[in-house]
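One structure below.
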2 protein chains.
Amino acid sequence: MTTEQTTIPLHALKLSCSNCSLRELCLPVGLNREEMTQLDAVIRQSRRIKRGEYLFRSGEGFKSLFAVRTGFFKTCVSSQDGREQVTGFLMSGELMGLDGISSNIHGCDAIALEDSEVCELPFNRIESLGRDIPSLQHHFFRLMSREIVRDQNVMLLLGNMKAEERLAAFLLNLSQRLAIRGFAANDFILRMSREEIGSFLGLKLETVSRTLSKFQQQSWISVDHKHIQLVKPDELKTLISGCVHSNSAE
Amino acid sequence: MTTEQTTIPLHALKLSCSNCSLRELCLPVGLNREEMTQLDAVIRQSRRIKRGEYLFRSGEGFKSLFAVRTGFFKTCVSSQDGREQVTGFLMSGELMGLDGISSNIHGCDAIALEDSEVCELPFNRIESLGRDIPSLQHHFFRLMSREIVRDQNVMLLLGNMKAEERLAAFLLNLSQRLAIRGFAANDFILRMSREEIGSFLGLKLETVSRTLSKFQQQSWISVDHKHIQLVKPDELKTLISGCVHSNSAE
DNA sequence: AGAGAAGCTTGACTCTTGTCAAAGCGGAAT
DNA sequence: ATTCCGCTTTGACAAGAGTCAAGCTTCTCT
């Protein structure tokens, strides 16, 4: 049942752009055939990124957005003294680089957590194409807005929740996003280290480890290193019921 | 020296749209006279919001963005059990409602912290105008991206910084934004309560109070209820040097 | 295959922040 | 002008998470 890699399932591929598995990007837009062709022309051939490699770095010039085609990424900002804050984990169909638009400079690092493939979307061409295809323009506004909503939910998590709640919310969020992509919701492999989870959740790696152990002792989950099974996902949901945003539809 | 109200200074007004003091919105775009007229036509007459009133609520239908003309707002998301997370404090020229675009439903509450005025920007008209005026379209993408960058910096703050660092960063950020608007950078009135500051910074109100007292004991600031003076802003800067984002140009 | 490095778990202890409580002050409304 | 309520400050104590350390497992690279 274990998902070997977070690859987008085939049926989604077929329904989306011809050269790019961007479910998020293409499906909801409702483009006709000609518009789809135009968009395809803009999307550069996909690019392979090996595990551990940077897709882009904070401070580099911004030209393109990148959509994850296969694989798994993290994005993070670093402070001057080296503290690292992971700002997100991205799986297939999700967009990176939106923070670079404001200043034409990337505001975070994007690092592959497994061998991955991305599609490059040159932003100036997206902009001009958006002027010709209103629904595409609207879709990009929506994508950016969704990122803002996501960030606000992370703020709620970092500002208000206890360690157990944070970790439960994290596991359930991963589970849900995998399920949407056609993978098992309750049996998956973590692509990131305890330290990276901790950085994302505002916790130390020891706290992450201890909390996972606690969940396992309660038989809510089973932990075998990076292999996680949600045995009683409802218990996790109960734990965070109340402390999640009223209409958190992420 | 105290700023009685966060009103945008006159020279900025003159340089911006004729019916709306939206420095952020108008100045950097470089619109010509006719385009400016078009934009003015879209911006609805400004609306007054009394202190304590909601501009919009989470869950309400989204139609428009709102720009603060005068006054001061907070935006916040609430969890089901009533925990409130303040996601931002907004002063003149800043935009609210960007999170509503994704689902056509507002994702947060916007509440006036003093008697305020806002300009309403119907989003569908902004979108269509953006198609005619590329620089306007680009400007809105940039505004949304800037919001994402801001949110990432807040994540860094909530995830990595200690109470003193958070409060120092908060005070310096306020100071800087006031200075940009022509107000005194080191002598200002807080528009929000200790509890609201705490909610924004992920701290309890008592911790905010104690930390302010600590700063005062060190003669770094002077605190008289809501009246704050930054006596030694450089000490505050030293405190957060290192833990702020490398290129945090907010 | 073996060695070394990196990552994970767990324990003991510390420390920052949260919680509870009480008292003081100021501002808003009558 | 007065009263009351809400905000703020401060103290004492509790608790959750961080720090430090040791030992173990797994993975990677040679």
Side-chain angles (χ1 to χ4, degrees), chain A residues 2 4 50-53 74 83-86 111-115 157-170 189-218 221-228 239 243, chain B residues 2 4 50-53 74 81-86 111 113-115 157-168 170 189-218 221-228 239 243:
Chain A
T2 299
E4 268 308 302
K50 282 223 169 302
R51 172 177 172 183
E53 283 181 4
K74 69 170 176 180
R83 303 187 217 181
E84 175 179 290
Q85 172 73 29
V86 173
I111 300 163
L113 295 183
E114 63 181 26
D115 294 354
L157 180 144
L158 292 173
N160 279 304
M161 290 162 70
K162 296 196 183 304
E164 291 190 11
E165 297 170 332
R166 295 183 196 196
L167 208 53
F170 172 74
I189 303 288
L190 295 176
R191 254 56 233 201
M192 70 296 282
S193 69
R194 302 288 191 264
E195 188 168 17
E196 287 162 334
I197 296 173
S199 170
F200 181 61
L201 297 178
L203 302 169
K204 294 296 162 186
L205 69 94
E206 294 94 333
T207 305
V208 173
S209 180
R210 269 188 256 271
T211 307
L212 286 175
S213 300
K214 205 180 297 176
F215 285 166
Q216 187 169 35
Q217 273 173 21
Q218 289 166 296
I221 69 175
S222 130
V223 183
D224 178 23
H225 303 283
K226 307 235 165 191
H227 179 190
I228 302 284
L239 184 60
C243 66
Chain B
T2 300
E4 269 307 300
K50 282 222 168 300
R51 172 176 171 184
E53 282 181 5
K74 69 170 176 180
D81 60 1
R83 303 188 218 183
E84 175 180 292
Q85 172 74 30
V86 172
I111 300 162
L113 294 182
E114 62 181 27
D115 294 353
L157 180 143
L158 292 173
N160 279 305
M161 289 161 73
K162 294 197 183 306
E164 291 190 10
E165 296 169 333
R166 295 183 195 195
L167 208 54
F170 171 75
I189 302 289
L190 296 176
R191 254 55 232 201
M192 70 296 281
S193 69
R194 303 287 191 267
E195 188 168 18
E196 286 162 334
I197 296 173
S199 170
F200 181 62
L201 298 178
L203 302 169
K204 293 296 163 188
L205 68 93
E206 294 93 333
T207 306
V208 172
S209 180
R210 269 188 258 271
T211 308
L212 285 175
S213 299
K214 205 180 296 176
F215 285 168
Q216 187 169 36
Q217 272 172 22
Q218 290 166 297
I221 68 174
S222 129
V223 183
D224 178 22
H225 302 281
K226 308 235 164 189
H227 179 192
I228 303 284
L239 183 61
C243 66

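Both backbone and side-chain heavy atoms feed into the values below; hydrogens, waters and symmetry mates do not. First the proteins, then the strands, lettered A, B, ... as listed; each starts at 1.
Atom-to-atom, CG of A/Leu205 to P of C/dT9 comes out at 9 Å; the value is rounded to the nearest Å. A/Glu165 places its CD atom 14 Å from the P atom of C/dG18, with the value rounded to the nearest Å. Rounded to an integer number of Å, the gap from B/Met192 CE to D/dT8 C1' is 16 Å. At whole-Å resolution of the value, CG in B/Leu201 and P in C/dT16 are 18 Å apart. For B/Gln216 and D/dT10, the CD to C1' distance is 14 Å, given to the nearest whole Å. What separates CG of A/Asp224 from P of D/dC24 is a distance of 19 Å, to the nearest Å. Look at CD1 on A/Ile197: it is 14 Å from C1' on C/dT9, rounded to the nearest Å. Atom-to-atom, CZ of B/Arg166 to P of C/dT16 comes out at 14 Å; the value is rounded to the nearest Å.
Shortest non-hydrogen contact noted between A/Asn160 and B/Arg83 is O-NH1, 3.0 Å. Here the closest heavy-atom approach between residue B/Ile111 and residue B/Gly52 is recorded as CG2-O, 3.8 Å. In plain terms, the two heavy atoms of A/Glu164 and A/Leu239 that are nearest each other are O-CD2, 3.6 Å. Nearest heavy-atom pair, A/Ala169 versus A/Leu157, reported as atom, atom and distance to 0.1 Å: CB-CD1, 4.0 Å.
No hydrogens or angles were tested; on distance alone, a donor-acceptor pair under 3.5 Å links the side chain of B/Glu206 to the base of C/dC20. Between the side chain of A/Arg210 and the base of C/dG11, at least one donor-acceptor pair of N or O atoms lies under 3.5 Å.
Between the side chain of A/Arg194 and the main chain of A/Glu206, no donor-acceptor pair closer than 3.5 Å is present.
Using a 4.0 Å heavy-atom distance criterion, B/Lys214 is classed as making no nucleic acid contact.
You'll find that the side chain of A/Ser193 is closest to C/dC8, out of D/dC7, C/dT10, C/dC8. Of all nucleotides listed (D/dT8, D/dG18, C/dT19), C/dT19 comes nearest to the side chain of B/Lys204.
Between A/Ala163 and B/Leu212, the residue anchored nearer the 5' end of DNA chain D, judged by the nucleotide with its closest heavy atom, is B/Leu212. Both B/Gly202 and A/Thr207 lie close to DNA chain C; mapped to their nearest nucleotides by heavy-atom distance, the more 5′-ward contact belongs to A/Thr207.
Applying the 4.0 Å criterion to OP1 and OP2 of D/dT28, one finds that A/Arg51 has a side-chain N or O inside that range. For D/dA15, neither phosphate oxygen OP1 nor OP2 lies less than 4.0 angstrom from any side-chain nitrogen or oxygen of A/Lys162. For C/dC8, the OP1/OP2 oxygens have no side-chain nitrogen or oxygen of A/Ser209 closer than 4.0 Å. For A/His225, a side-chain nitrogen or oxygen approaches OP1 or OP2 of D/dT26 to under 4.0 Å. The side chain of A/Arg194 places an N or O atom within less than 4.0 Å of a non-bridging phosphate oxygen (OP1 or OP2) of C/dT9.
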